[in-house]
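Keep in mind the model is a prediction, meaning the values are calculated, not measured. Here is the naming used below: chain letters follow the sequence lines, and residue numbers restart at 1 for every chain.
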2 protein chains.
Amino acid sequence: MIIQLDMQSDVPIYTQLMNQIIEGIARGDLKLGEALPSVRGLASDIGVNLHTVNKAYNLLKQEGFIQIHRQKGVVIQPDAMPLVTPEYELKQHNQLRPIIAEAICRGMTKEQLLQVTEQIHKEIMHNEKGNA
Amino acid sequence: MIIQLDMQSDVPIYTQLMNQIIEGIARGDLKLGEALPSVRGLASDIGVNLHTVNKAYNLLKQEGFIQIHRQKGVVIQPDAMPLVTPEYELKQHNQLRPIIAEAICRGMTKEQLLQVTEQIHKEIMHNEKGNA
DNA sequence: TATCTGTTATATTTGTATTATAACAGATGC
DNA sequence: GCATCTGTTATAATACAAATATAACAGATA
């Protein structure tokens, strides 16, 4: 999977890394159980420090998206993805709320908002690899 | 309008302030042209430094949500809210994308996602003041 | 004139993000 | 057994953002 970083973004590199790996899983580019590059390998590939990659990996592990085996390496969680917990629902709510509030201020209708959501959902799901 | 801050949150205070004012506008608690407290007054009320409030106000002004008159004070934009510009659409897209990707990973269906969006939209719009 | 606005200027403290090295401990391959 | 690969831990340095603390300035108003 190709990682694209924006070094000018105000989003931290380790967050961008997390987001791209999560989207990679969502779109099926990264299969359950699939191996990820080593911290040193990925850091070298994308030109950042190994600790930056390590931080992203450890946060992903903490949230249950990947497994880290001390002398084997890093793999996408092989069994099943983390589920929709009450804590996650709360986090998601707090993330969405200010975005939706601003959309309302700017005059977007509920229908337009739902359409944008549906559009992004489609963008993520519609990969070319035939995710069947 | 009552401002509720979470000092333990990792969301910066000035961002929480911006979000609450924007949501206040969205739900109709803050009317167009309505006066906001002075930087010193609000800072004192919520127990933060005047520069923290000033930063929030200036960012809100920069995005077109409020007007700042040098010797009069701060008011909600009296004419009209900022509209849906291409830049805003891009920003919104970049904000929503990782949230939706994680939801997909955790097994939420598109319908569940739309339902959550609709629910939050309702929460914001359904105030008790009869926003007619 | 005193008092209220926002504004500007410094300085300090605190925490995060990122990089740079280095070393450690366990597993693997030759 | 030794070199090499894992992730892990430790330490330090740099850079920046968030927040606070004071202080002063300039224009408007009562």
- [ ] Check each residue of residues 53-69 of chain B for a non-hydrogen atom within less than 4.0 Å of any atom in DNA chain C, then write out the ones that pass by number, or none.
- [x] B:N54, B:N58, B:I68, B:H69

TODO: Write down the atom of B:M81, the atom of B:Q77, and the distance for their closest heavy-atom approach.
DONE: CE-CB, 3.8 Å

Side-chain donor-acceptor contacts of residues 93-105 of chain B below 3.5 Å, not counting sequence neighbours, with atom names and distances?
{"unit_1": "B:H93", "atom_1": "NE2", "unit_2": "A:E123", "atom_2": "OE1", "d": "3.1"}
{"unit_1": "B:N94", "atom_1": "ND2", "unit_2": "B:L90", "atom_2": "O", "d": "3.4"}
{"unit_1": "B:R97", "atom_1": "NE", "unit_2": "A:E23", "atom_2": "OE1", "d": "3.0"}
{"unit_1": "B:R97", "atom_1": "NE", "unit_2": "A:E23", "atom_2": "OE2", "d": "3.2"}
{"unit_1": "B:R97", "atom_1": "NH1", "unit_2": "A:E123", "atom_2": "OE1", "d": "2.8"}
{"unit_1": "B:R97", "atom_1": "NH2", "unit_2": "A:E23", "atom_2": "OE2", "d": "2.7"}
{"unit_1": "B:E102", "atom_1": "OE1", "unit_2": "A:K91", "atom_2": "NZ", "d": "3.1"}
{"unit_1": "B:E102", "atom_1": "OE2", "unit_2": "A:K91", "atom_2": "NZ", "d": "3.2"}
{"unit_1": "B:E102", "atom_1": "OE2", "unit_2": "B:R106", "atom_2": "NE", "d": "3.1"}
{"unit_1": "B:E102", "atom_1": "OE2", "unit_2": "B:R106", "atom_2": "NH2", "d": "3.2"}

Task: Length of the line joining B:D10:CG and D:dA17:P, which is rounded to integer Å - done: 17 Å

Open item on the list: Please report the distance, rounded to the nearest Å, between CE in A:M18 and P in C:dT18.
Closed with: 12 Å

Task: Secondary structure of DNA chain C in dot-bracket form (Watson-Crick or G-U wobble, distances below 3.5 Å, | marking inter-strand pairs) - done: ||||.|||||||||||||||||||.|||||

Task: Contact state string [nucleotides 20-30 of chain D, B base, S sugar-phosphate only, - no protein heavy atom under 4.0 Å] - done: BBB-B--BS--

- [ ] May I ask you to decide if B:D6's main-chain N or O and B:Q16's side chain share a donor-acceptor pair within less than 3.5 Å?
- [x] yes

Task: From CG (B:L17) to CD1 (B:I21), nearest 0.5 Å - done: 6.0 Å

TODO: Might you point out which heavy atoms bring A:A26 and A:I124 nearest each other, and give the distance in Å?
DONE: CB-CG2, 3.9 Å

Open item on the list: For B:V53 versus B:L42, what's the shortest heavy-atom pair and its separation?
Closed with: CG1-CD2, 3.9 Å

- [ ] Kindly state each residue pair satisfying side-chain hydrogen bond (donor to acceptor under 3.5 Å, both in side chains) with at least one member in residues 38-47 of chain B, sequence neighbours excluded.
- [x] none

Task: Least distance between heavy atoms, B:K31 atom then B:I76 atom - done: O-CB, 3.5 Å

- [ ] Kindly write out the residues that satisfy salt bridge (Lys or Arg N to Asp or Glu O under 4.0 Å) with A:E63, not counting sequence neighbours, or none if the list is empty.
- [x] none

TODO: Using a cut-off of strictly less than 4.0 Å, decide whether B:Y14 has a side-chain nitrogen or oxygen near OP1 or OP2 of D:dA19.
DONE: no

Open item on the list: Give me the atom names and distance for the closest heavy-atom approach of B:Y57 to B:L36.
Closed with: OH-CB, 3.6 Å

